[in-house]
Protein chains: 2
Amino acid sequence: MKSFFRQHIEKIISLTDEEFDFIYSHFTPKKLRKHQFLIEPGDSVVNDYFVLSGCLKAYQLDKNGKMHILQFAMQDWWITDYQALYKGINATIFLDCIEDSEVLCLSLHDREKLCSELHKIEFFFRKKSNGGYVALQQRILSLLTSSASERYEQLLQLYPQLFQKVPKQLIAAYLGVSRETLSRLHSQAK
Amino acid sequence: MKSFFRQHIEKIISLTDEEFDFIYSHFTPKKLRKHQFLIEPGDSVVNDYFVLSGCLKAYQLDKNGKMHILQFAMQDWWITDYQALYKGINATIFLDCIEDSEVLCLSLHDREKLCSELHKIEFFFRKKSNGGYVALQQRILSLLTSSASERYEQLLQLYPQLFQKVPKQLIAAYLGVSRETLSRLHSQAK
DNA sequence: AAAATAATGTGATGTAGGTCACATCAAAAT
DNA sequence: ATTTTGATGTGACCTACATCACATTATTTT
């Protein structure tokens with residue numbers, strides 16, 4: 001698990017054993033059960049979470065109680081309420097587990113400490129953020145330019161593993177379609 | 001103009017005169033006329049652009065020729081085709097001027113050089129990227145959870161200056177509504 | 001200042017996708 | 001193993017919003 005995390009970082013920067021141990025010492029492992037919440041609206045948010053195993057979702061409920069999914073996170077992904085974490089305001093989203101999961105917690109404080117002490121890791125986090133920015137832009141373009149069935153196909157292309165783990169009604173809530181419509185898109189196989 | 005740019009950076013980090021001059025020496029000013037293109041699909045993209053004055057838009061055309069706006073950029077904003085820039089692939093968006101504009105160009109190469117030579121500026125760009133990430137997440141939530149008229153109100157709240165510069169049909173293309181629907185939302189004043 | 005071009009408003013009509021209702025099937029929980 | 005709870009499918013109907021068409025009013029361009 002530790003080596004898996006190291007590989008994740010070493011996709012972007014290379015590390016000595018001492019550097020990795022130093023970095024790793026700032027993280028706290030946490031085991032979570034299905035349905036367990038990490039964040040609820042109103043909470044103060046101190047951590048970013050790196051997913052070692054399992055699957056989580058970040059979402060909001062609208063005024064009719066309908067769920068809208070901002071983000072999934074599987075193995076290898078980072079997730080939290082970034083608005084709350086970065087701006088120091090209360091959470092506006094729910095973050096919970098779709099299945100039993102393990103995460104590594106990193107407080108914002110420790111992240112900033114790491115970044116100021118180790119230039120390399122600041123490079124890592126900058127690259128991660130840049131990559132995330134591009135991914136979000138692509139999702140916005142997908143929402144603006146594509147129909148429900150096109151968006152479904154795009155998501156399937158991009159993250160096929162997701163469809164093994166996540167019920168289709170959650171896929172629908174991520175794509176911005178009703179579960180009924182998503183089901184019909186399938187049967188009609190457009 | 002130069003001091004305006006310096007202020008922009010000093011909102012996040014503080015600089016000595018030498019440091020600022022060093023940073024500024026990596027930027028190239030460029031004047032642009034209304035309708036002028038900075039990027040078209042297929043182009044290779046080497047620069048990020050910081051807007052000194054004017055207003056630009058980044059957009060795609062869908063298969064029916066309809067425009068969908070990914071991003072506006074007014075004074076103080078950064079804009080480019082980030083996917084193309086970061087991944088080193090060809091552009092997939094148009095970037096052009098809504099009015100006469102002035103920008104500062106920074107090549108990716110120079111940005112990376114700056115970041116490796118001056119830890120402070122890497123901090124700056126990391127914070128910028130984090131902020132941008134949060135803004136995009138909020139836009140996705142807005143697209144998922146809100147109706148056309150709610151999205152209009154949210155945008156008006158967030159960037160009132162935008163409505164002085166940008167014709168409503170472009171606002172519509174940003175919100176993901178037809179210009180006719182946007183016009184009707186107004187008259188009905190929901 | 002005139003001509004050309006772009007922006008906006010508004011009616012009539014079309015449609016993708018939403019909502020509601022209920023049936024079936026799968027998976028947890030006791 | 002049985003009960004409870006959640007996931008999926010499908011029909012009937014509804015509604016935001018899109019599209020098309022044309023009139024009106026700004027804003028550029030020459």
Side-chain angles (χ1 to χ4, degrees), chain A residues 32-36 54-55 57 59 61-69 72 94 96-101 142-156 162-190, chain B residues 32-36 54-55 57 59 61-69 72 94 96-101 142-156 162-190:
Chain A
L32 302 158
R33 301 213 0 260
K34 187 171 174 172
H35 295 135
Q36 190 175 342
C55 189
K57 66 179 190 290
Y59 63 96
L61 301 178
D62 67 20
K63 55 192 172 195
N64 306 312
K66 225 177 93 177
M67 179 189 296
H68 302 274
I69 295 181
F72 292 111
F94 296 90
D96 72 5
C97 299
I98 296 175
E99 49 184 56
D100 291 359
S101 304
S142 177
L143 286 167
L144 290 177
T145 65
S146 304
S147 70
S149 75
E150 288 165 341
R151 272 177 275 148
Y152 179 84
E153 288 305 323
Q154 290 164 14
L155 187 66
L156 187 58
L162 201 63
F163 293 72
Q164 257 97 55
K165 301 213 167 209
V166 171
K168 287 189 186 134
Q169 57 176 320
L170 296 184
I171 300 282
Y174 178 90
L175 291 173
V177 212
S178 70
R179 55 164 209 86
E180 293 94 333
T181 296
L182 191 68
S183 165
R184 280 185 261 261
L185 292 178
H186 264 217
S187 41
Q188 293 158 28
K190 275 220 222 185
Chain B
L32 303 159
R33 301 208 7 256
K34 186 171 176 171
H35 296 136
Q36 191 175 342
C55 190
K57 67 180 189 290
Y59 62 97
L61 301 178
D62 67 21
K63 55 192 171 196
N64 306 312
K66 227 177 93 179
M67 179 189 296
H68 301 275
I69 296 180
F72 292 112
F94 295 91
D96 73 3
C97 299
I98 295 174
E99 49 184 57
D100 291 358
S101 304
S142 177
L143 285 166
L144 291 176
T145 66
S146 306
S147 70
S149 75
E150 287 164 343
R151 272 177 274 148
Y152 179 83
E153 289 305 323
Q154 289 164 15
L155 187 66
L156 188 58
L162 201 63
F163 293 71
Q164 257 97 54
K165 301 213 167 209
V166 171
K168 287 185 187 138
Q169 57 177 320
L170 296 185
I171 301 283
Y174 178 91
L175 292 173
V177 213
S178 71
R179 55 165 208 86
E180 293 94 332
T181 296
L182 191 68
S183 165
R184 278 185 262 261
L185 292 178
H186 265 216
S187 41
Q188 293 158 27
K190 274 221 222 183

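A, B, ... follow the sequence lines: proteins, then strands. Residue 1 opens every chain.
- A parallel orientation is assigned to the rings of Phe94(B) and Tyr59(B), their planes being inclined by less than 30° (bins at 30° and 60°).
- Distances from the side chain of Val177(B) to the nucleotides dA18(D), dG9(D), dT19(C) place dA18(D) closest.
- Taking side-chain N and O atoms only, Lys66(B) has no distance below 4.0 Å to OP1 or OP2 of dA18(D).
- One atom, NE2 of His68(B), and another, P of dC17(D), lie 16 Å apart when rounded to the nearest Å.
- Between the base of dT29(D) and the side chain of Arg33(B) there is no donor-acceptor pair shorter than 3.5 Å.
- No salt bridge links Lys57(A) with Glu99(A); every basic N to acidic carboxylate O contact stays at or beyond 4.0 Å.
- Considering only side-chain atoms of Lys34(A), the nucleotide from dA28(C), dT8(D), dT8(C) that sits closest is dA28(C).
- A distance-only check finds a donor-acceptor pair linking the side chain of Asp100(B) to the backbone of Lys34(B) [under 3.5 Å].
- Between the side chains of Asp62(A) and His68(A), at least one donor-acceptor pair of N or O atoms lies under 3.5 Å.
- For the OP1/OP2 pair of dG17(C) and a distance below 4.0 Å, the side-chain nitrogens and oxygens of Thr181(A) include no atom meeting the criterion.
- As rounded to whole Å, 16 Å separates atom P of dA27(C) from atom NZ of Lys165(A).
- The distance from atom CD of Gln169(B) to atom P of dT5(C) is 16 Å, rounded to the nearest whole Å.
- One N or O on the side chain of Glu150(B) and one on the backbone of Ser147(B) form a donor-acceptor pair closer than 3.5 Å.
- Closest-nucleotide positions on DNA chain D for Ser183(A) and Ser146(B) were compared, and the one nearer the 5' end corresponds to Ser183(A).
- We find that CG of Leu175(B) is positioned 10 Å from P of dA18(D), with the value rounded to whole Å.
- Rounded to whole angstrom, the span from the CD atom of Glu99(B) across to the P atom of dT29(D) amounts to 13 Å.
- Between the CZ atom of Arg184(B) and the P atom of dT19(D) there is a distance of 12 Å, rounded to whole Å.
- The side chain of Glu180(B) approaches dC20(D) more closely than any other nucleotide in the set dC20(D), dA7(C), dG17(C).
- Where Gly176(A) and Arg179(A) meet DNA chain C, the nucleotide closest to each residue was compared, and Gly176(A) sits on the side nearer the 5' end.
- Following rounding to the nearest Å, His35(B) (NE2) and dT28(D) (P) show an atom-to-atom distance of 9 Å.
- Rounding to whole angstrom units, CD1 of residue Ile98(B) and P of dT28(D) are separated by 13 Å.
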